[in-house]
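Computed from heavy atoms alone, side chains included, the values below leave out hydrogens, waters and symmetry copies.
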Amino acid sequence: MVMAAENTFPTSFVKLSSTSPRFCNSVSKRIFSDVAGDITIFVDGQSFLLHKKSECISLLHRNALLFLPACFPLVSRSGKIRKMVVDSRDPDLSKLEFFNVPGGFFAFELAAKFCYGMNFEIQTSNVANLRCIGEYLEMTEDYREGNLIAQTETYMNDIVLQSIEKSIEVLCACSSLLPMAEEVGVINRCIDAIAAIASKEQLVCGLARLECNGGSGKLDMDCQDWWVEDLSALSINHYQRVIAAMRRAGVRSDSITASLIHYAHTCLKGIEKRQAWDSNLSFGDEQRVIVEALVGLLSTEKIKSVPLAFLFGMLRIAIEVNASVNCRLELERIIGFRLEVASLDDLLIPSLQKNDCVFDVDTVHRILANFMQRIEEEDSDESSQCGYESEGLNSPSHSSVLKVGRLIDGYLAEIAPDPYLKLQKFMALIELLPDYARVIEDGLYRAIDIYLKAHPSLSESECQKLCKHIDCQKLSQEASNHAAQNDRLPVQMTVRVLYFEQLRLKSALSSSSADADGSFSQRIMGSSGVPSAAVSPRDNYASLRRENRELKLEISRMRVRLSELEKEHAVIKDGIRESKSGEHGRAFLSSLSKGIGKIGFFVPGNGKQHKNARKTQPTDGKTHRRRLRRSSLA
């Protein structure tokens, strides 16, 4: 297709016409069939029949002056053809052969038209072919003034290298002209031109949008980088070099990131829609090379400027196209440094291995390990600067660890129902987070409960190992009540839950007793702050002794009951070892829950309130357990 008039190169030898420069073989044969052809040139297996001119050219052939009255115009402009004619021993030379011609048949056809003065235009679409074929045929100024190389160089400098669009178009044409296009410098000059123009446009755009709001000098950087989409037409090799040149030229990082994202979406569009179960689909080496190259470019960008969702998408594609291990590890490292802003859907990476987990747990484990490595490095840097050792809640990255702790608990609950998920992988994720990552462990308890329900074949020892990761002191009241009645938990876990529940009740009892003593002291104190005369000191002392005796009696009852529970636990443990069955454990849990309702707790006040509290407590417990059972069934 002929380009517009402003895109053509006006020269003395070029005749502008509407004829397309892209001639097919039949058209070429028709053009040259009008004259008698007696010189045959073979270009990569295809032949040209060229007409001999009437003028003579004298050539020095083996120390003798040889006159060739029938030489054709290519000899007068091409040093390569002239040398071939001189070196030939055949005085009646009628055939020449060329191999590995840059641009092939099309480029040689353009060079022949140039030599014969036929109508065609130097355009952006053919200037790279003309420049390479001119170099191949040695069409320099040494043989004819205004030769092909000089004409194409002028067009490159005056038109192509002044525009990003034309430079990109020439770069795309150079993909089929290697290595000649590299040797003559067409590729490097186009790449440098693209980077220089993009940097200059950003600078001009930034200066034009410099707004002073109240003297603040705020810079509005909403300039649209229109070239981002155009770069997606380049091959990955040329694209890498363009991005590197843009970095050297000072192009903004966010513009480069936008270009990387657009290039990935354009070149990897089909891979993103691939489903995990489409194992029959195969992807070539081209997609793998693109992914690995883009990851290499991403690793040099500012991590926070790349959207995390895009990074997870690239990681999924890298797994699907079987990218190199280094490529995937680099993506996992970049993601791990920003894991606290990830969502649960981001972590649900499907596994492509047969007879394996539904989700890729190993990848998430490595991402989490990278996150913890970042936290350790930040803590060590902070402690070295401040002169103290940062631990747990004092860590400057504690908020990020808490966010990741909640995220991983949700992820554990999602992968727990998978029947192919091994216990070692499940526990490895739990153990990777530190203790201070979970303030409340209800999420971890829920995930472990789901795993136990989905894997009923676990042995008693495996269940104990898994449940040891739950800190019963960090369970909420609701989770503790559910755990106390959960038949899937091992007996030791249930005993720990009940024990810490007792400690929690003791603590609440002590605080309520202190509050009661304070209110009693306020009652016996007058408004002036002195003891009231209505209550004698003897009665006051007797009342305090009576309440003290009742409190000691209640504490002794609790100790007796606790010792009974410990004895029952020892008996049940021995029974489990002998019978290796869980029937006694379930009986023990039922008896233990019934025994809890019989324990009386001291409540300060008159005797009626104390009796009413003891009567209403079991009823509330039963109602609460019924609600828990209904919720668990639901």
Side-chain angles (χ1 to χ4, degrees), residues 3-4 6-7 9 123-125 127-128 131 152-175 177-178 181-182 184-211 218-269 289-291 293-307 310-311 314:
M3 302 181 66
E6 62 269 19
N7 293 334
F9 184 61
Q123 297 177 345
T124 309
S125 58
V127 65
R131 178 64 183 86
T152 53
E153 284 292 331
T154 305
Y155 184 87
M156 286 283 297
N157 295 328
D158 294 347
I159 296 179
V160 174
L161 301 182
Q162 305 302 319
S163 168
I164 290 182
E165 291 176 310
K166 292 180 174 58
S167 297
I168 291 175
E169 186 177 355
V170 171
L171 267 183
C172 294
C174 289
S175 298
L177 298 174
L178 297 174
E182 195 75 61
V184 298
V186 175
I187 295 178
N188 287 332
R189 290 158 63 191
C190 290
I191 290 174
D192 294 338
I194 293 171
I197 296 174
S199 177
K200 187 185 301 183
E201 287 187 357
Q202 282 194 350
L203 180 61
V204 173
C205 182
L207 294 175
R209 293 177 178 270
L210 184 62
E211 298 177 353
K218 181 180 179 182
L219 184 62
D220 185 9
M221 300 299 292
D222 292 336
C223 183
Q224 297 293 331
D225 296 319
W226 54 268
W227 44 264
V228 168
E229 297 182 1
D230 293 343
L231 291 181
S232 300
L234 295 175
S235 65
I236 187 61
N237 294 329
H238 293 162
Y239 180 78
Q240 284 181 283
R241 296 168 63 177
V242 169
I243 295 298
M246 284 185 171
R247 288 200 187 98
R248 294 192 298 268
V251 178
R252 295 198 313 269
S253 178
D254 56 345
S255 300
I256 294 178
T257 301
S259 176
L260 289 171
I261 294 174
H262 189 275
Y263 191 91
H265 288 166
T266 302
C267 299
L268 306 174
K269 187 183 300 183
V289 171
I290 292 175
V291 170
L294 291 178
V295 171
L297 294 174
L298 285 171
S299 61
T300 57
E301 290 299 316
K302 294 182 179 179
I303 297 178
K304 293 184 179 180
S305 65
V306 184
F310 170 73
L311 292 176
M314 287 294 297

Subject >> salt bridge (Lys or Arg N to Asp or Glu O under 4.0 Å) partners for E153, two or more places apart >> reply: R131, R189
Subject >> Closest non-hydrogen atom pair between S259 and I243, with its separation >> reply: OG-CD1, 4.1 Å
**OP:** Quick one: closest heavy-atom pair of I290 and C267, and the distance?
**Re:** CD1-CB, 4.1 Å
**OP:** Give a yes or no on whether the backbone of A196 and the side-chain of S199 come within a donor-acceptor separation of less than 3.5 Å.
**Re:** no
Original post:
With Y263, which residues qualify under side-chain hydrogen bond (donor to acceptor under 3.5 Å, both in side chains), at least two apart?
Top reply: none
Original post:
Under the criterion side-chain contact (heavy atoms from CB on, under 4.5 Å), which of I164, I191, D192 is the partner of V242?
Top reply: I191
Original post:
So do the side chains of M246 and L231 get within less than 4.5 Å of each other, counting heavy atoms only?
Top reply: yes
Original post:
If we only count heavy atoms from C-beta on, is the V127 to V186 side-chain gap below 4.5 Å?
Top reply: no
Subject >> Minimum side-chain heavy-atom gap L298-L311 below 4.5 Å >> reply: yes
Subject >> Counterpart residues, side-chain hydrogen bond (donor to acceptor under 3.5 Å, both in side chains), relative to S163 (two or more places apart) >> reply: none
**OP:** Look at the side chain of T257 and the backbone N and O of S253, then say whether any donor-acceptor pair between them is shorter than 3.5 Å.
**Re:** yes
**OP:** Under the side chain to side chain contact (heavy atoms under 4.5 Å, CB included) rule, collect the residues that match up with A293, sequence neighbours excluded.
**Re:** I236, Q240
Original post:
Heavy-atom distance under 4.5 Å between the side chains of V306 and L260, does that happen here?
Top reply: no
Subject >> For A258, side chain to side chain contact (heavy atoms under 4.5 Å, CB included) partners two or more places apart >> reply: none
**OP:** Would you name the heavy atoms of V251 and A195 that are closest together and state the gap between them?
**Re:** CG2-O, 4.3 Å
**OP:** Please collect all salt bridge (Lys or Arg N to Asp or Glu O under 4.0 Å) contacts where either partner lies in residues 231-241, sequence neighbours excluded, each pair once.
**Re:** E182-R241
**OP:** Please check if any side-chain donor atom of E201 sits under 3.5 Å from a side-chain acceptor atom of W227, or the reverse.
**Re:** no
